[in-house]
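Beneath this line is the structure, given in structure tokens, with notes to follow.
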Amino acid sequence: MTQQTKPPKWILWLFAVSLILWPTLMYWLANGYSGWSDLKSDHDAGSRELRHSQGPTNVTLVQSSGRKYDFASNQSGRASYARTDVGFDDEGFWVRGRHGGWTGGPRGAIFIPWTAVERCDGLRIHLSNPNMALIIHDQPLLNACERRISR
């Protein structure tokens, strides 16, 4: 007859605490650490209708310190895994998280008018306020940015 031992109670407590802290950590990474909340405080889309969607794409937020946060759920660059959706019109462009929940990417949509764009080079769209850049993997949006800024 073999004796079965129970796991130590501290392991069970650690497991329970990690189940609570994991979504909180993911939410903080996608919104606070990434800089999304700072960007959203200046460029909240509010109730604006977000039209002309280009579909899912990968977006990386680059802070003035150089810190980058990629909103893709993996690093392969495939749009099917993208956690963000983008679109643009004559007034500016928008970005929003595609999935709900605490771990589904950035919370709330942003709308950035073309007047807030400092320059577009390569995949980067540099903003004047706040001093950040967005790396967006969507060629039609990048082409529109180049056309708007070169005016």
Side-chain angles (χ1 to χ4, degrees), residues 11 13-151:
I11 289 179
W13 279 104
L14 182 64
F15 179 71
V17 168
S18 69
L19 285 177
I20 295 167
L21 291 180
W22 183 254
T24 305
L25 176 65
M26 292 295 100
Y27 179 84
W28 175 75
L29 282 173
N31 293 284
Y33 177 80
S34 69
W36 185 263
S37 349
D38 297 334
L39 188 58
K40 191 171 182 309
S41 69
D42 288 336
H43 299 289
D44 188 4
S47 61
R48 181 184 187 88
E49 186 179 346
L50 305 176
R51 297 173 299 170
H52 310 294
S53 173
Q54 295 298 297
T57 190
N58 290 336
V59 173
T60 303
L61 191 104
V62 184
Q63 296 185 28
S64 58
S65 65
R67 179 174 36 193
K68 294 181 181 179
Y69 190 86
D70 188 354
F71 289 107
S73 59
N74 70 3
Q75 300 298 318
S76 71
R78 293 178 42 185
S80 60
Y81 293 105
R83 291 187 175 195
T84 50
D85 190 18
V86 300
F88 64 93
D89 59 25
D90 291 337
E91 297 176 39
F93 71 98
W94 55 265
V95 181
R96 69 177 166 208
R98 294 186 66 223
H99 305 290
W102 284 57
T103 61
R107 298 285 291 173
I110 59 168
F111 180 82
I112 300 173
W114 294 121
T115 56
V117 175
E118 195 172 272
R119 69 183 191 280
C120 307
D121 57 2
L123 296 174
R124 286 185 189 226
I125 299 176
H126 297 269
L127 308 177
S128 55
N129 186 29
N131 185 13
M132 295 183 178
L134 293 166
I135 300 173
I136 299 179
H137 299 269
D138 184 75
Q139 197 58 51
L141 171 59
L142 297 168
N143 292 343
C145 184
E146 287 289 337
R147 283 191 308 272
R148 296 290 172 191
I149 299 307
S150 65
R151 287 182 176 182

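- A salt bridge links Arg48 to Asp89: one of the charged nitrogens lies within less than 4.0 Å of a carboxylate oxygen.
- Rounding to the nearest 0.5 Å gives a distance of 10.5 Å between NE2 of His43 and CZ of Phe111.
- Side-chain contact between Thr57 and Ile136 is present, with heavy atoms from C-beta onward closer than 4.5 Å.
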Extract all donor-acceptor atom pairs below 3.5 Å that involve side chains of residues 118-132 and protein atoms in other chains or at least two apart in sequence.
residue	atom	partner	partner atom	Å
Asp121	OD1	His126	NE2	3.0
Ser128	OG	Ala116	O	3.2

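- Atom CG of Leu142 is separated from atom CZ of Phe93 by 9.0 Å, given to the nearest 0.5 angstrom.
- Taking 4.5 Å as the limit, every side-chain heavy atom of Leu61 sits out of range of all side-chain heavy atoms of Lys68.
- Thr84 OG1 to Trp36 CH2: the interatomic distance, rounded to the nearest 0.5 Å, is 7.5 Å.
- Put simply, the side chain of Asp85 reaches to within 4.5 Å of the side chain of Trp94, judged on heavy atoms.
- Contact detail for Gln63 and Gly35: the closest heavy-atom pair is NE2-N, 3.3 Å.
- For Asp42, the salt bridge (charged side-chain N to carboxylate O under 4.0 Å, His left out) criterion is met by no residue, not counting sequence neighbours.
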* Begin with the C-alpha distance, continue with both residues' side-chain angles, and end with the deciding distance and a verdict on side chain to side chain contact (heavy atoms under 4.5 Å, CB included) for Leu50 and Arg96. => CA-CA 9 Å; Leu50 305 176; Arg96 69 177 166 208; 3.7 Å; yes
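- At least one side-chain heavy atom of Ile112 sits under 4.5 Å from a side-chain heavy atom of Leu134.
- To the nearest 0.5 Å, the span separating CD on Gln54 from CG on Asp138 amounts to 4.5 Å.
- Using a 4.5 Å cut-off on side-chain heavy atoms (C-beta onward), Val59 and Val86 make contact.
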* Test log, rule side chain to side chain contact (heavy atoms under 4.5 Å, CB included), inputs Phe88 and Cys145 -> CA-CA 9 Å; Phe88 64 93; Cys145 184; over 6 Å; no
